[in-house]
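Notes follow once the structure below has been shown.
Residue numbers begin at 1 in each chain, while the letters A, B, ... track the order of the sequences. Computed over heavy atoms, backbone and side chain alike; hydrogens, waters and symmetry mates excluded.
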Amino acid sequence: MNFALTLPALLLLVVFFILPVLSLLLRSVLEPEPGLGNYAALLGSTTYLKIFLNTFVVSALVTAVTLAIGFPVAWALAIMPSRLSSIVFAILLLSMWTNLLTRTYAWMVLLQRTGVINKTLMGMGLISEPLPLVNNLTGVTIGMTYIMLPFIILPLYGVIRKIDPAILQAAALCGATRWQALTRVLIPLATPGMVSGALMVFVMSLGYFVTPSLLGGTANMMLAELIAQFVQSLVNWGMGGAAALVLLVVTLTLYAVQLRLFGTARMEGR
Amino acid sequence: MLLNFDRLGGWKWVLLGITALTSAFLILPIFFIAALSFGSSQWLIFPPPGWTLKWYAMFFADPRWLEAAGTSFYIAVIVTVLSVLIGLVASFGLVRGRFIGKEGLRALFLTPMILPVVVLAVALYAFFLRVGLNGTVTGFVVAHLVVALPFSILSITNALEGFDKSIEDAAVLCGASPLEAKIRVTLPSISHGLFSAAVFSFLTSWDEVVLAIFMASPTLQTLPVKIWATLRQDLTPVIAAASTLLIVVTIALMLLVALLRKGLKS
């Protein structure tokens, strides 16, 4: 009988989620004519392949940068006095909860030719011409890193907190230097958290729409924007559906890998 | 030693330095936008040549900005109510029910969280074109509800699992009807779960951009869509003013959550 209680939610999901997505994917093999023509066109064109490649490059870059910054911050958060860490946590949460467009707008303003960063660098005499920081790979990477940082710091913090400090004391007693303890004990113990967090940031970046389309240029379009363009400006549902399926397959595969490696805990831990 | 703050030695300062820089990186853009919204320069120069409230005046003088903010709020409230109600009922089914495929169903309910939003947006846009829901409040509500519901189900099932059902049974033994026991005993005990479900649902809808861009029409748009459309033309400081108002709402909600958490603990 209790199954009936889940029916309103199930109905909502089937009608407004599962069926529309399936119907979109179906259109990718039916329009304009039945067959795999859309997929052939998508994978056979250098323009589209460049967009796929760019999507992966941006996502990988953002993942690497967030990991490099996120690890020391999560580490510090896990051990610093609680009065300090609660300030850092408040900053992390404020940034996460601030409207996505607001944060993206902030970077558009800061990175523009006459923006604060260029003005400051020129004022200090470090550069004589404004650097091109926006509408290119630099802009997207900075903006996306900004958005994704909390998503790697929070899970990593959880993992590092769970490590027993006695293990590191034991390493020290056995004569390990700080550097050895870091590379041979702490980092290996935190690796599951790093892989899991990195996978999540990578997958989220692959499907991002707003930040790349505002901070990136036309030359480095990403997959989500391509899907939107097929549908909105070109009204090509077949190609839009095909590109959506590609994104979906990559996303679900990576989530499957994550589930295989780490169970469901990560996803539900949010 | 590496996990003991006081015995880190010189490394302590390296870690603190990176953390301080990262915190600055995260907070300064938000601070700049707030400062620039009061700056007199149309070109968003920092530090501003003078201070003014004219961007706020422009925001409040333009009915389209106010209308968009009103629409956002209206939709977010409906989404919050529906999301908590449907999520509550579904959570009872998921936690108390015994049926085949329960775990699978639970996983299915969370899939909208992991699917790229743009895929859902495009799919719903196509579906709504056929049934005429684009540019309607119903369309917005349904689209936002699909992405808000997983947060509700997650918070409420967690709370419900932490609640000892025998307390509810005891109330029934003492003469309460099963429904009465649920309303007067169970619901107050899981109120923290209901509360976080409500906050997450509200913020999910209030901040949602991608679905809204596809659902919007020239006559019906949410605040994020209005900001998006304005951003594509220029970076006018009116957006900074609108953004600052959004930041204030965010901080107010965060403080409310923190206060209520404190209240629950004591």
Side-chain angles (χ1 to χ4, degrees), chain A residues 2-3 5-6 8-9 12-13 16-17 20-21 23-24 69 72-73 75-76 79-81 88 91-95 97-103 105-110 114 116 149 163 165 168-169 172 178 181-182 186 207 209-210 214 224 227-228 231 237 240 244 247-248 251 255 267-268, chain B residues 1-5 11 15-16 18-19 22-23 26-27 29-30 32-33 36 43-44 46 86 89-90 92-94 96-97 99 105 108-110 112 114 116-120 122-127 142 145-146 149 153-154 203 207 209-210 224 227-228 231 235 239 243 246-247 250-251 254:
Chain A
N2 274 320
F3 172 70
L5 293 175
T6 61
L12 179 89
L13 225 56
F16 296 106
F17 177 67
V21 170
S23 138
L24 177 71
I69 303 175
V73 175
W75 177 12
I79 60 172
M80 70 176 33
V88 181
I91 291 173
L92 267 177
L93 291 179
L94 178 64
S95 138
W97 282 32
T98 298
N99 185 287
L100 176 67
L101 273 175
T102 297
R103 288 182 280 165
Y105 170 71
W107 284 108
M108 290 171 82
V109 171
L110 287 171
T114 54
V116 178
L149 258 177
I163 298 174
L168 286 143
Q169 265 162 11
R178 271 178 219 284
L182 175 69
L186 187 62
F209 174 67
V210 168
L214 289 175
I227 298 173
V231 170
W237 290 98
L247 177 57
L248 212 55
T251 303
Y255 269 114
M267 199 173 80
E268 305 204 355
Chain B
M1 68 190 157
L2 288 184
L3 290 175
N4 185 326
F5 190 66
W11 286 28
L15 278 187
L16 279 181
I18 296 174
T19 307
T22 308
S23 303
L26 287 172
I27 200 77
I30 298 173
F32 270 119
I33 290 308
L36 288 173
W43 311 112
L44 296 153
F46 194 90
I86 299 176
V89 174
F92 264 99
L94 284 175
R96 303 268 175 96
F99 51 86
L105 193 62
L108 180 74
F109 281 151
L110 301 183
I114 60 167
V117 193
V118 74
V119 174
L120 176 65
V122 168
L124 269 181
Y125 175 62
F127 176 58
V142 167
L145 194 52
V146 170
L149 192 60
I153 292 185
L154 207 56
L203 276 178
D207 279 347
V209 198
V210 182
I227 296 180
W228 165 268
L231 265 184
L235 295 178
I239 302 176
S243 296
L246 282 174
I247 296 166
T250 306
I251 293 176
M254 275 179 71

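Looking at B:Val210 and A:Val210, their side chains come closer than 4.5 Å, going by heavy atoms from C-beta outward. Residues B:Thr19 and A:Met80 meet the side-chain proximity criterion, which asks for heavy atoms closer than 4.5 Å. Looking at heavy atoms from C-beta onward, A:Leu110 lies in side-chain contact with B:Phe32 at the 4.5 angstrom threshold. By the 4.5 Å heavy-atom criterion applied to side chains, B:Pro224 and A:Asn99 are counted as neighbours. At least one side-chain heavy atom of A:Trp75 sits less than 4.5 Å from a side-chain heavy atom of B:Leu2.
Of all heavy-atom pairs spanning B:Ala90 and A:Ala9, the tightest one is CB-CB, 3.9 Å. Across B:Leu15 and A:Pro72, no two heavy atoms sit closer than the pair CD2-O, 3.5 Å. Nearest heavy atom pair, residue B:Leu235 against residue A:Tyr105, reads O-OH, 2.9 Å. The minimum heavy-atom distance between A:Ser95 and B:Leu26, with the atom names listed, is OG-CD2, 3.7 Å. Annotation for B:Ile33 and A:Ala106: closest pair CG1-CB, 3.4 Å, computed over non-hydrogen atoms.
For the options B:Ile86, B:Asn4, B:Val89, heavy-atom pairs under 4.5 Å to chain A are most numerous at B:Val89. Between chain B and the residues A:Leu149, A:Thr114, A:Leu182, the most heavy-atom pairs under 4.5 angstrom are made by A:Leu182. Between chain A and the options B:Ile153, B:Val117, B:Leu108, heavy-atom pairs under 4.5 Å are most frequent for B:Leu108. Counting heavy-atom pairs under 4.5 Å between each of B:Ser23, B:Pro29, B:Gly97 and chain A puts B:Pro29 at the top. Heavy-atom pairs under 4.5 Å with chain B peak, among A:Ser23, A:Ala76, A:Gly207, at A:Ala76. Comparing B:Val142, B:Leu120, B:Leu16 by how many heavy-atom pairs each has under 4.5 Å with chain A, the most go to B:Val142.
Proximity to chain B is limited to the side chain of A:Thr251, based on heavy atoms less than 4.5 angstrom apart. Only the side chain of A:Val116 comes within contact range of chain B, with heavy atoms under 4.5 Å apart. Of the atoms belonging to B:Val209, it is side-chain heavy atoms, and not backbone ones, that fall under 4.5 Å from chain A. Proximity to chain B is limited to the side chain of A:Leu248, based on heavy atoms less than 4.5 angstrom apart. Heavy atoms of B:Phe109 lying under 4.5 Å from chain A belong to its backbone as well as its side chain. Heavy-atom distances place both the backbone and the side chain of A:Leu168 under 4.5 Å from chain B. Within the 4.5 angstrom heavy-atom criterion, atoms from both the backbone and the side chain of B:Ile18 approach chain A. With a threshold of 4.5 angstrom between heavy atoms, A:Ile79 approaches chain B through its backbone and through its side chain. Only the side chain of A:Phe209 comes within contact range of chain B, with at least one heavy atom under 4.5 Å from a heavy atom of that chain.
Qualifying ring-ring contact (aromatic ring centres under 6.0 Å, His included) partners for A:Trp107, counting only residues two or more places apart in sequence or in other chains: A:Tyr146, B:Phe25. Every residue meeting the ring-ring contact (aromatic ring centres under 6.0 Å, His included) condition with B:Tyr125, not counting sequence neighbours, appears here in chain and number order: A:Trp237, B:Phe214.
Interatomic distance, B:Leu124 CG to A:Phe16 CZ, rounded to the nearest 0.5 Å: 8.0 Å. Here the CG atom belonging to B:Leu3 is positioned 9.0 Å from the CD atom belonging to A:Gln169, to the nearest 0.5 angstrom. One distance of note links CG of B:Leu94 with CG of A:Asn2; it measures 9.5 Å at 0.5 Å rounding. Atom CG of A:Leu94 is separated from atom CD1 of B:Ile247 by 7.5 Å, given to the nearest 0.5 angstrom. B:Ile30 contributes atom CD1, which lies 13.5 Å from atom CH2 of A:Trp97 (distance to the nearest 0.5 angstrom). A:Leu214 contributes atom CG, which lies 4.5 Å from atom CH2 of B:Trp228 (distance to the nearest 0.5 angstrom).
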Decide yes or no on side-chain contact (heavy atoms from CB on, under 4.5 Å) for A:Leu247 and B:Val118, but give the supporting numbers first. CA-CA 10 Å; A:Leu247 177 57; B:Val118 74; 4.0 Å; yes
